[in-house]
Enquirer: 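Starting off with a structure, shown below.
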Number of protein chains: 2
Amino acid sequence: MPDLVDTLVNERPSALQTSFLAHKLVAHRNVHDADARHLDTILRRNQRTVEPGTPLMELGSPHSEIHIILEGWALRRKIMPGGASQIVALHLPGDICEFNAVLGTASDTETIAVDRVRAGTISARALNELATHPRLSRALWLEAMASGSIQRQWFANIACANAASRMAHLLCELELRLDLMGASQTQRGGGRLFACPLTQMHLGNAAAMSVEHANRTLAQLRRQFGLVARNGQIEIGDLPALQAFCGFDGSYIALETNNRALAMAHN
Amino acid sequence: MPDLVDTLVNERPSALQTSFLAHKLVAHRNVHDADARHLDTILRRNQRTVEPGTPLMELGSPHSEIHIILEGWALRRKIMPGGASQIVALHLPGDICEFNAVLGTASDTETIAVDRVRAGTISARALNELATHPRLSRALWLEAMASGSIQRQWFANIACANAASRMAHLLCELELRLDLMGASQTQRGGGRLFACPLTQMHLGNAAAMSVEHANRTLAQLRRQFGLVARNGQIEIGDLPALQAFCGFDGSYIALETNNRALAMAHN
DNA sequence: CGTTATGTTGAGCTCCCTCAAGGTTGGTGG
DNA sequence: CCACCAACCTTGAGGGAGCTCAACATAACG
């Protein structure tokens, strides 16, 4: 089993050749190969590595550049009045971090690397120059809109659903987002497997529940839907059942992307 | 008392002369008078009226224009799997609705008028032409960023706080947003008064609690902070205490606006 | 002046939090 | 190679915040 797992996981596009973001833009956002390669060139030119637990972007400091995650996960969190911290967004490989930075405003949140993150940087100026690649430019704005859409969905989710549904929904969303990047693999038996460096503490916090309850909830999902979280990987045994359980509808992420491809991927 | 109330409320900028949005952009977003007048001209040119309970924007239909509320309130809601509906955002006079529409994507939400709404329309093309007014254009994007910031704050709020804090935070936010538009008035005794067409059902739904609990919570806030909601108006007797109670910090809305003015307004 | 929406209050129940105590894993140094 | 330590995971018991159901009061409205 581990052999197969490794094989499949390593089949994802090498970040040095085609970034996760480029894969998604081509496969699901109607961007041409040439434009995607252009983007990758920019990203490859200006990279940085951020250690686990270290900030990608600090609170309050204005930026004039955006970061695109090439490898690793980051979380965006808000420090609450009492001193607690709340995860308000998760940034996966291929995601754009703090798009609002293009306006140079101070941020209300901080972005922290979960595992080791490698990120490409695009300055506000370089971003403006992308106007010569209208489809690409539009696709990047689409990503920004999608992240707003995700934010609304997170809100509605924890406002309405119980703990099990919330956690299930979060997992379904992560799976779909990774799938769009080509980073979720089908297993023998139809399960889906992806790498995920989040601890139960992270998952619980993002789904608005205590660590203990996150643990119990994950145990329940394991029993009902064959959910296995081990060694930084998550396998969802019966994804369609899990989606049905929490009423997951991925169109809030897919947006206008040709929905045919999306439907096929999840048929 | 009612006489004073009416007098004060009627002192807000007449929507026909200076829109709420223009007031805010000039007072808090570093926009010149001339630019603001230009915006108002565009808005006045293309107006529509939407009856209470009627959609400003329907779910799923792609738009290529944005709407700016000149008068009245609207809510943005998501229909949940079970059929329940969840308010994910509130649009006040002066707010921009569904900024994401500029990309022409289908919306994941629908926007409904709460009371009678008068809205100005800006087509995507007219929006592009605003590039000749860089400060204005930038200010509009700032508004879009602020609404994202509010969305994150809402999430963190209901994820972390108890019912009383959530409701208090929502009220503090509404007060500040209206104040930026010049639509919140100081009362004798230091209380703050503003018009608000929301029912307890709306407030409860937005703050993620049942109507009954919203009622009990509002009663508690009335006792503790002199909160009075009557006749479509809300008065917050002791705003600083209410803000302290829920740990409200309005900088997530104010963004880079000259914070001096903001601090003075709420000193 | 009935009718409908909204506000108000009570009682019971349940989901989830908190506190507490292990157990397990992975990394580090002797 | 083993001892140790620090995260992380797991399980239990008790309590409380807030939900649901049910009834009624009050206000808005034609």
Side-chain angles (χ1 to χ4, degrees), chain A residues 2 51-53 73 75 80 82-84 86-87 112-116 157-170 196-223 227-234 246, chain B residues 2 51-53 73 75 80 82-87 112-116 157-171 195-223 227-234 245-246:
Chain A
E51 295 303 314
W73 290 38
L75 59 86
M80 305 304 286
Q86 175 63 46
I87 296 175
I112 309 282
V114 177
D115 52 356
R116 173 175 293 194
N157 192 32
I158 72 165
C160 291
N162 62 19
S165 282
R166 292 203 299 271
M167 182 64 79
H169 199 282
L170 176 58
C196 170
L198 301 179
T199 66
Q200 293 189 353
M201 194 189 66
H202 293 128
L203 288 171
N205 189 251
M209 68 188 79
S210 67
V211 199
E212 296 89 335
H213 204 63
N215 181 283
R216 282 183 258 261
T217 301
L218 286 168
Q220 176 193 339
L221 297 181
R222 183 186 327 132
R223 274 178 261 117
L227 178 84
V228 185
R230 249 200 343 259
N231 303 327
Q233 293 191 320
I234 291 182
C246 61
Chain B
E51 295 304 314
W73 290 39
L75 59 85
M80 305 305 288
S85 92
Q86 175 62 46
I87 297 175
I112 309 283
V114 177
D115 51 356
R116 173 174 293 193
N157 192 31
I158 71 165
C160 289
N162 62 19
S165 282
R166 292 204 298 272
M167 182 63 79
H169 199 282
L170 176 59
L171 293 170
C196 170
L198 301 179
T199 66
Q200 293 189 355
M201 194 189 66
H202 293 128
L203 288 170
N205 189 251
M209 68 188 79
S210 68
V211 199
E212 297 90 333
H213 205 62
N215 181 286
R216 282 183 257 261
T217 302
L218 287 168
Q220 175 192 341
L221 297 181
R222 183 184 327 131
R223 274 179 261 116
L227 179 84
V228 184
R230 248 199 347 257
N231 304 326
Q233 294 191 321
I234 291 182
F245 170 71
C246 62

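Chain naming here is simple, since letters A, B, ... match the order of the sequence lines and numbering starts at 1 in each. Owing to the predicted nature of the structure, the values given are computational and were not obtained by experimental measurement. No hydrogens, no waters, no symmetry mates; every other heavy atom, side chains included, goes into these values.
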Enquirer: Taking only nitrogen or oxygen atoms into account, show me every contact under 3.5 Å that the protein makes with nucleotides 28-30 of chain D, one pair per line with its distance.
Expert:
none

Enquirer: Residues in side-chain contact (heavy atoms from CB on, under 4.5 Å) with A:P52, at least two apart?
Expert: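 Counting only residues at least two positions away or on another chain, A:P52 forms a side-chain contact (heavy atoms from CB on, under 4.5 Å) with A:R116.
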
Enquirer: Using side-chain contact (heavy atoms from CB on, under 4.5 Å) as the criterion, list what pairs up with A:S165, not counting sequence neighbours.
Expert: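 With neighbours one apart ignored, the set is A:A161, A:N162, A:F245, A:C246.
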
Enquirer: Just to verify, which of B:T199, B:L198, B:L203 counts as forming a side chain to side chain contact (heavy atoms under 4.5 Å, CB included) with B:M201?
Expert: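 Running side chain to side chain contact (heavy atoms under 4.5 Å, CB included) over B:T199, B:L198, B:L203 with B:M201 returns exactly one hit, B:T199.
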
Enquirer: Write out a two-atom table: protein N or O, nucleotide N or O from nucleotides 5-10 of chain D, distance below 3.5 Å.
Expert:
residue : atom : partner : partner atom : Å
D:dC9   : OP2  : A:Q200  : N            : 3.0
D:dT10  : OP2  : A:Q200  : NE2          : 2.6
D:dT10  : OP2  : A:N215  : ND2          : 2.7
D:dT10  : O5'  : A:N215  : ND2          : 3.2

Enquirer: Can you tell me how far CD1 of B:I158 sits from CG of B:L170, rounded to the nearest 0.5 angstrom?
Expert: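 Going from CG on B:L170 over to CD1 on B:I158, the span is 11.0 Å.
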
Enquirer: CD of B:E51 to CD1 of B:I112: how many Å apart, nearest 0.5 Å?
Expert: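 CD1 of B:I112 is found 13.0 Å from CD of B:E51.
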
Enquirer: Is B:A229 touching bases, backbone alone, or none of the nucleic acid, heavy atoms closer than 4.0 Å?
Expert: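 Contact class for B:A229: none.
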
Enquirer: Within residues 162-170 of chain B, find the residues that approach DNA chain C with a heavy atom at under 4.0 Å, and present them sorted by residue number.
Expert: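 Close to the strand, none.
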
Enquirer: Would you work out how much the helix from C:dC1-D:dG30 to C:dG30-D:dC1 bends between its ends, with each end axis defined by five base pairs, to 10 degrees?
Expert: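 Taking the rotation axis at each end, their angle is 50°.
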
Enquirer: Of all heavy-atom pairs between B:W73 and B:D115, which one has the smallest distance, and what is that distance?
Expert: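 Here B:W73 and B:D115 meet closest at N-OD1, 2.7 Å.
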
Enquirer: Nearest 0.5 angstrom please: B:I87 CD1 to B:N205 CG, how far?
Expert: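 Those atoms lie 4.5 Å apart.
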
Enquirer: Taking any atom closer than 4.0 angstrom to a non-hydrogen atom of chain A, what span of DNA chain C does the protein reach, first nucleotide to last?
Expert: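 Reading along DNA chain C, I get C:dC16 to C:dG26.
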
Enquirer: List the residues meeting side-chain contact (heavy atoms from CB on, under 4.5 Å) with B:R223, not counting sequence neighbours, and say none if there are none.
Expert: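 With neighbours one apart ignored, the set is B:A219, B:Q220.
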
Enquirer: Looking at residues at least two apart in the chain, or sitting in another chain, which of them share a side-chain contact (heavy atoms from CB on, under 4.5 Å) with A:C160?
Expert: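 side-chain contact (heavy atoms from CB on, under 4.5 Å) list for A:C160, sorted by chain: B:M80, B:Q86.
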
Enquirer: Tell me which donor-acceptor pairs under 3.5 Å the side chains of residues 210-218 of chain A have, and how far apart each pair is, sequence neighbours excluded?
Expert:
residue : atom : partner : partner atom : Å
A:S210  : OG   : A:H213  : N            : 3.2
A:N215  : ND2  : A:Q200  : OE1          : 2.9
A:T217  : OG1  : A:H213  : O            : 2.6

Enquirer: Got a sec, which residues hit salt bridge (charged side-chain N to carboxylate O under 4.0 Å, His left out) with A:R222, two or more places apart in sequence or on another chain?
Expert: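 Per chain and number, A:R222 pairs via salt bridge (charged side-chain N to carboxylate O under 4.0 Å, His left out) with no residue.
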
Enquirer: List the atom of A:A229, the atom of A:I234, and the distance in Å for their closest heavy-atom pair.
Expert: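 Of all heavy-atom pairs spanning A:A229 and A:I234, the closest is CB-CG1, 4.1 Å.
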
Enquirer: Could you state the CZ-C1' distance from B:R216 to D:dT20, rounded to the nearest angstrom?
Expert: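 Atom CZ in B:R216 sits about 10 Å away from atom C1' in D:dT20.
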
